[in-house]
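Quick note: residue numbers are just sequence positions, from 1.
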Amino acid sequence: NSEHVGEWASFGPKLKGKPTPEQRVALAERKEKRTAMKQRLFEELNDPKWTEKKIEKELDRLMEEQEKAAERPEYLDGPSGTRDFYPPEMKVQRWLFDNFRKTAASYGFEEYDAPVLEHVKLYERKAGEEIVDQMYNFTDKEGKHVTLRPEMTPTLARMVLNKTNLVTGEVRLTLPLKWFSIPQCWRFETTQRGRKREHYQWNMDIVGVNHVHAELELLAAACQFFRGLGIGPDVVGIKVNSRAVLEAVLSKHGITKGQKDKSDGGDVFAKACVIIDKLDKIGGCAVTDLLGEIGVNADSAADILKALEAPTVDQLSEHIGGETEAVGEVKRLFELAKDYGIDDYLIFDASVVRGLAYYTGIVWEAFDRRGELRAIMGGGRYDRLLELYGGAKCQIPCVGFGFGDCVIMELLKECGKLPDFQESGVDYVVCAFSPELYGAACSISSKLRACGCTVDLMPTPKKRVAASFTYADQCGARRMVFVAPDEIEKGVVRIKDLRTKDKNGEAVQVDCPLDEMHTVDDLVANAAAN
């Protein structure tokens with residue numbers, strides 16, 4: 001009956017995978033309780049057809065039916081498109097972020113941060129972009145229209161303008177600014193491989209430099225990051241183009257920056273950029289149809305697509321009728337990339353425009369050469385964004401990139417470039433033999449931490465000594481400290497190094513005086529040598 005099933009379920013579920021020491025104890029208790037209940041029911045039923053094995057199968061079946069019938073509360077799952085980071089995932093994330101930070105620091109960048117909540121108007125100033133429709137926006141309890149930030153660049157612009165005289169355009173900070181951040185960003189969009197509704201993004205920006213040296217520095221930093229993780233130019237490439245060159249292409253067909261769409265008042269040039277940015281995803285025919293919706297005829301659309309297929313900067317220059325300043329900048333960037341040793345990553349691609357409306361010059365996009373993943377990283381120059389927010393005097397040149405955590409993690413997994421964190425636990429696990437020795441274990445833990453070590457003091461001693469050592473090994477600890485009465489009476493504590501072997505291949509074990517915990521390393525080294 002239901003009471004029997006409830007009792008059976010109370011013993012806990014069957015565990016999957018290799019159990020921990022604590023789980024082994026729980027499993028033994030579970031087995032004991034199940035056996036006792038089967039024997040009791042066998043006697044109560046007093047029917048030879050109901051063997052203990054059949055009773056077990058029937059109880060398991062009824063419990064499974066009960067579990068299927070029970071509704072799983074929706075709140076136990078995170079919102080769609082979001083992730084939980086358990087300790088193992090946090091180790092990987094911390095490792096990735098540390099590499100972001102190490103690369104940024106090696107190029108002289110400083111870290112900054114800001115609230116995840118921003119004013120909606122900060123993003124609505126850029127009408128015509130998909131990002132406006134993807135915001136997690138709402139009205140707060142004070143009636144303010146706010147949003148979870150979908151990207152960090154407008155926040156950077158706001159912060160710089162707060163240190164700028166809006167009347168004169170003078171920035172009160174020493175230029176150039178070289179800033180980086182790793183914010184969490186939110187966009188309500190379709191989730192797929194490498195794309196979530198929340199993601200972390202490594203942003204690096206240079207403010208106050210109006211030439212390609214800034215782009216070069218950012219691209220060099222990105223290439224160094226890839227190389228540092230063992231991702232070479234055979235795996236990842238960076239497509240480079242100029243939004244200013246595209247502007248010249250579109251102007252041939254009557255599409256100019258700032259031109260208003262008669263149907264809705266939107267920026268036609270910005271809309272065209274968003275459409276062209278989808279070329280790889282939807283193809284030329286669909287792009288032609290969408291361009292037609294904003295007033296571009298079929299012949300013009302065909303010529304635009306032909307320009308986007310130009311394999312070299314020179315051929316694109318010929319298509320638009322001669323070399324322009326924008327073309328010269330792209331050429332200069334590729335020349336300097338050779339000197340910087342990053343030219344093997346860079347590829348000219350006239351079809352790269354980036355979807356965001358605020359880009360004004362050189363733009364780029366890192367991609368997986370196998371073509372299996374979406375863009376890994378993207379960036380470019382945005383010289384007019386601060387003017388848009390701060391006024392005509394705030395013509396402050398900027399360039400930067402955004403590098404999401406989702407796609408690069410997919411790539412690192414596929415390439416086998418993630419490190420093994422199995423032995424990256426604490427320095428010491430300290431275990432008391434009995435509750436009476438817990439005070440001594442506390443004292444030893446305190447002394448080890450005073451030496452700069454990380455220590456996991458087990459709150460509950462294991463029933464078996466072997467289980468304590470197994471726990472320490474599974475936690476990835478370097479050493480195990482077992483606080484036992486015999487050693488404590490002698491004024492020492494026994495320490496087993498789980499990662500260092502002696503000449504016979506056995507784990508090194510030493511007895512360290514309680515008042516000389518700082519000598520453990522020397523004791524282990526001597527024991528290993530002898």
Chemist: Any idea which heavy atoms bring F85 and Y200 closest together, and the distance?
Modeler: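 Minimum heavy-atom separation between F85 and Y200: CE1-CE1, 4.2 Å.
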
Chemist: Show the nearest heavy-atom pair for residues V493 and E487, with the distance to one decimal.
Modeler: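 Closest heavy-atom pair between V493 and E487: CA-CB, 4.3 Å.
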
Chemist: Any salt bridge linking E189 with R197? Criterion: basic side-chain nitrogen under 4.0 Å from a carboxylate oxygen.
Modeler: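 Between R197 and E189 there is no salt bridge, as every charged N stays at least 4.0 Å from the carboxylate O atoms.
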
Chemist: Are F225 and W202 near enough that their ring centres are under 6.0 Å apart?
Modeler: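 That pair passes the under 6.0 Å test.
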
Chemist: Start with the C-alpha distance between M90 and Q93, add both sets of side-chain angles, then the distance that settles side-chain contact (heavy atoms from CB on, under 4.5 Å), and finish with yes or no.
Modeler: CA-CA 5 Å; M90 281 302 300; Q93 187 196 71; 3.4 Å; yes

Chemist: A side-chain contact here means heavy atoms from C-beta on lying under 4.5 Å apart; do E58 and K54 qualify?
Modeler: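 Side-chain contact under 4.5 Å: no.
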
Chemist: Would you confirm whether D473, through its side chain, and F469, through its main-chain N or O, come within 3.5 Å as a donor-acceptor pair?
Modeler: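 Not a single qualifying donor-acceptor pair exists.
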
Chemist: In Å, rounded to the nearest 0.5 Å, how long is the span from CG of L216 to NE2 of H213?
Modeler: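 If we round to the nearest 0.5 Å, L216:CG and H213:NE2 are 7.5 Å apart.
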
Chemist: Step by step, work out the salt bridge (charged side-chain N to carboxylate O under 4.0 Å, His left out) result for E118 and R158.
Modeler: CA-CA 10 Å; E118 278 288 6; R158 177 179 63 74; 2.8 Å; yes

Chemist: Which heavy-atom pair separates D502 from A527 by the least distance, and what is that distance?
Modeler: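 That would be CB-O, 4.4 Å.
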
Chemist: Restricting to non-hydrogen atoms, name the atom on A375 and the atom on E365 that form the minimum distance, rounded to 0.1 Å.
Modeler: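 Taking A375 first and E365 second, the nearest heavy atoms are CB-CG, 3.7 Å.
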
Chemist: Flag yes if more than 12 heavy atoms outside E516 fall under 6.0 Å of its CD atom; otherwise flag no.
Modeler: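 Check passes, neighbour count above 12.
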
Chemist: Are E44 and R40 ion-paired here, with the side-chain N under 4.0 Å from a carboxylate O?
Modeler: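 So E44 pairs with R40 through a salt bridge.
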
Chemist: Kindly write out the residues that satisfy ring pair (Phe, Tyr, Trp, His ring centres under 6.0 Å) with W364, not counting sequence neighbours, or none if the list is empty.
Modeler: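 W364 satisfies ring pair (Phe, Tyr, Trp, His ring centres under 6.0 Å) with no residue once adjacent residues are dropped.
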
Chemist: Is it true that a side-chain atom of R494 and a backbone atom of D511 form a donor plus acceptor pair closer than 3.5 Å?
Modeler: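 Judged by distance alone, no pair lies under 3.5 Å.
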
Chemist: Is the backbone of A440 close enough, under 3.5 Å, to the side chain of S443 for a donor and an acceptor to pair up by distance?
Modeler: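 Flag not set: sc S443 to bb A440 has no pair under 3.5 Å.
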
Chemist: Any chance you could measure D113, atom CG, to I182, atom CD1, to the nearest 0.5 Å?
Modeler: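 The CD1 atom of I182 is 9.5 Å from CG of D113, to the nearest 0.5 Å.
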
Chemist: Please test K196 against D405 for salt bridge (charged side-chain N to carboxylate O under 4.0 Å, His left out), starting from the C-alpha separation and ending with a verdict.
Modeler: CA-CA 10 Å; K196 306 292 182 184; D405 67 326; over 6 Å; no

Chemist: Is M409 close to L418 at the side-chain level, that is, under 4.5 Å between some pair of heavy atoms?
Modeler: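 In short, these two side chains touch, coming nearer than 4.5 Å.
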
Chemist: Which atom pair, heavy atoms only, marks the closest approach of L218 to F401?
Modeler: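 Closest approach of L218 to F401: O-CE2, 3.5 Å.
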
Chemist: Taking all atoms of both residues into account, what is the closest heavy-atom pair of W179 and L173, and its distance?
Modeler: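 Distance-wise, the nearest heavy atoms are CZ2-CD1, 3.8 Å.
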
Chemist: Can you tell me if T82 uses its side chain to pair, donor with acceptor, with the backbone of P79 under 3.5 Å?
Modeler: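 Here the side-chain-to-backbone pair exists.
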
Chemist: Have E111 and S181 got a donor and an acceptor in their side chains that come within less than 3.5 Å?
Modeler: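 Absent: no donor and acceptor within the cut-off.
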
Chemist: Roughly how far, to the nearest 0.5 Å, is the NE2 atom of H119 from the CG atom of N137?
Modeler: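 If I round to the nearest 0.5 Å, the distance is 14.0 Å.
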
Chemist: When you measure from the centre of the six-membered ring of F482, is the NZ or CZ of K496 under 6.0 Å away and within 45° of the axis?
Modeler: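 No, K496 does not lie over the aromatic ring of F482.
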
Chemist: Assess, by modelled atom type and distance only, whether the side chains of Y340 and E217 contain a donor and an acceptor separated by less than 3.5 Å.
Modeler: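 E217 and Y340 do have a side-chain donor-acceptor pair below 3.5 Å.
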
Chemist: Determine yes or no for a side-chain-to-main-chain donor-acceptor pair under 3.5 angstrom, with R227 supplying the side chain and P233 the backbone.
Modeler: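 Between the backbone of P233 and the side chain of R227 there is no qualifying donor-acceptor contact (under 3.5 Å).
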
Chemist: Side chains of N1 and V5, heavy atoms from C-beta outward: is any pair under 4.5 Å?
Modeler: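 No, every pair of side-chain atoms sits at 4.5 Å or beyond.
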
Chemist: Do the side-chain N and O atoms of E151 and Y123 include a donor-acceptor pair separated by under 3.5 angstrom?
Modeler: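 E151 vs Y123: no donor-acceptor pair found between side chains.
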
Chemist: Could you tell me the separation between the CD1 atom of I238 and the CZ atom of F367, rounded to the nearest 0.5 Å?
Modeler: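 I238 atom CD1 to F367 atom CZ measures 9.0 Å (nearest 0.5 Å).
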
Chemist: Is the number of heavy atoms from other residues, nucleotides or ligands within 6.0 Å of CD (E74) greater than 12?
Modeler: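 Count not over threshold, so no.
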
Chemist: Does R149 use its side chain to pair, donor to acceptor, with the backbone of Q184 at less than 3.5 Å?
Modeler: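 Pair found, side chain donor or acceptor close to backbone of Q184.
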
Chemist: Taking 4.0 angstrom as the limit, do R370 and D368 come out as a salt bridge?
Modeler: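 Salt bridge flag = yes for D368 with R370.
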
Chemist: Could you grab the distance from atom CZ of F138 to atom CG of L148, nearest 0.5 Å is fine?
Modeler: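 These two atoms lie 6.0 Å from each other.
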
Chemist: Answer yes or no on whether K178 is positioned over the face of Y107, meaning its NZ or CZ is under 6.0 Å from the six-membered ring centre and within 45° of the axis.
Modeler: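 Pair K178/Y107 does not count as cation-pi.
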
Chemist: Among side-chain atoms of T454 and D427, is any donor-acceptor pair under 3.5 angstrom?
Modeler: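 Yes, a side-chain donor-acceptor pair sits under 3.5 Å.
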
Chemist: How about Y112 and F180: are their ring centres within less than 6.0 Å of each other?
Modeler: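 Judged by ring-centre distance (under 6.0 Å), Y112 and F180 do not meet the cut-off.
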
Chemist: Pair R83, E198 - check salt bridge (charged side-chain N to carboxylate O under 4.0 Å, His left out), show working.
Modeler: CA-CA 8 Å; R83 298 166 291 173; E198 57 80 20; 2.8 Å; yes

Chemist: How about E32: does its CD atom have over 12 heavy atoms from other parts shown lying under 6.0 Å from it?
Modeler: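 Atom CD in E32 is not packed in, count stays at 12 or less.
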
Chemist: To the closest 0.5 Å, what do you measure between CG (L117) and NZ (K144)?
Modeler: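 Between atom CG of L117 and atom NZ of K144 there are 12.5 Å.
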
Chemist: With sequence neighbours left out, what residues match S80 under side chain to side chain donor-acceptor pair (under 3.5 Å)?
Modeler: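 None.
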
Chemist: Would L177 and I206 satisfy side-chain contact (heavy atoms from CB on, under 4.5 Å), going step by step from the backbone distance to the final call?
Modeler: CA-CA 6 Å; L177 305 178; I206 297 176; over 6 Å; no

Chemist: Any donor-acceptor pair under 3.5 Å linking the side-chain atoms of D60 with those of W8?
Modeler: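 Yes, because at least one side-chain N or O of W8 sits under 3.5 Å from a partner of the opposite role on D60.
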
Chemist: Can you check whether W95's main-chain N or O pairs, donor with acceptor, with N99's side chain at less than 3.5 Å?
Modeler: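 Present.
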
Chemist: Only counting residues at least two apart or in another chain, list the ones meeting ring pair (Phe, Tyr, Trp, His ring centres under 6.0 Å) with Y136.
Modeler: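 If we apply the ring pair (Phe, Tyr, Trp, His ring centres under 6.0 Å) test to Y136, skipping adjacent residues, the hits are W186, F188.
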
Chemist: Is there a side-chain contact between M37 and H4, using heavy atoms and a 4.5 Å cut-off?
Modeler: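 A side-chain contact under 4.5 Å exists here.
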
Chemist: Between R449 (side chain) and V455 (backbone), is there a donor-acceptor pair under 3.5 Å?
Modeler: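 Such a contact is found between R449 side chain and V455 backbone.
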
Chemist: Determine whether the side chains of H199 and Q201 contain a donor N or O and an acceptor N or O closer than 3.5 Å.
Modeler: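 Yes, because at least one side-chain N or O of H199 sits under 3.5 Å from a partner of the opposite role on Q201.
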
Chemist: Salt bridge check, R195 against E410: does any charged N sit closer than 4.0 Å to a carboxylate O?
Modeler: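 Between R195 and E410 there is no salt bridge, as every charged N stays at least 4.0 Å from the carboxylate O atoms.
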
Chemist: Counting N and O atoms only, with roles assigned by atom type, does the side chain of N504 sit under 3.5 Å from a partner on the main chain of E506, one being a donor and the other an acceptor?
Modeler: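 It does not hold such a pair.
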
Chemist: State, yes or no, whether a side-chain contact exists between F433 and V483 at a heavy-atom distance under 4.5 Å.
Modeler: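 No, too far: nothing below the 4.5 Å cut-off.
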
Chemist: Is any side-chain heavy atom of I444 closer than 4.5 Å to a side-chain heavy atom of L457?
Modeler: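 Sidechains of L457 and I444: no contact.
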
Chemist: Answer whether the closest heavy-atom distance between the side chains of I396 and V207 falls below 4.5 Å.
Modeler: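 Yes, close enough: below the 4.5 Å cut-off.
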
Chemist: Would you sort out whether R61 and E56 count as a salt bridge (charged side-chain N to carboxylate O under 4.0 Å, His left out), showing the intermediate values?
Modeler: CA-CA 9 Å; R61 185 188 69 79; E56 180 179 4; over 6 Å; no

Chemist: Keeping K38 on the side-chain end and K53 on the backbone end, is there a donor-acceptor pair under 3.5 Å?
Modeler: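 Answer holds: no.
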
Chemist: Any side-chain heavy atom of K501 within less than 4.5 Å of one from V508?
Modeler: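 They are not in side-chain contact.
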
Chemist: Taking atom CZ of R369 as the centre, does the number of heavy atoms from other residues, nucleotides or ligands within less than 6.0 Å exceed 12?
Modeler: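 Counting other residues, nucleotides and ligands, CZ of R369 exceeds 12 neighbours.
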
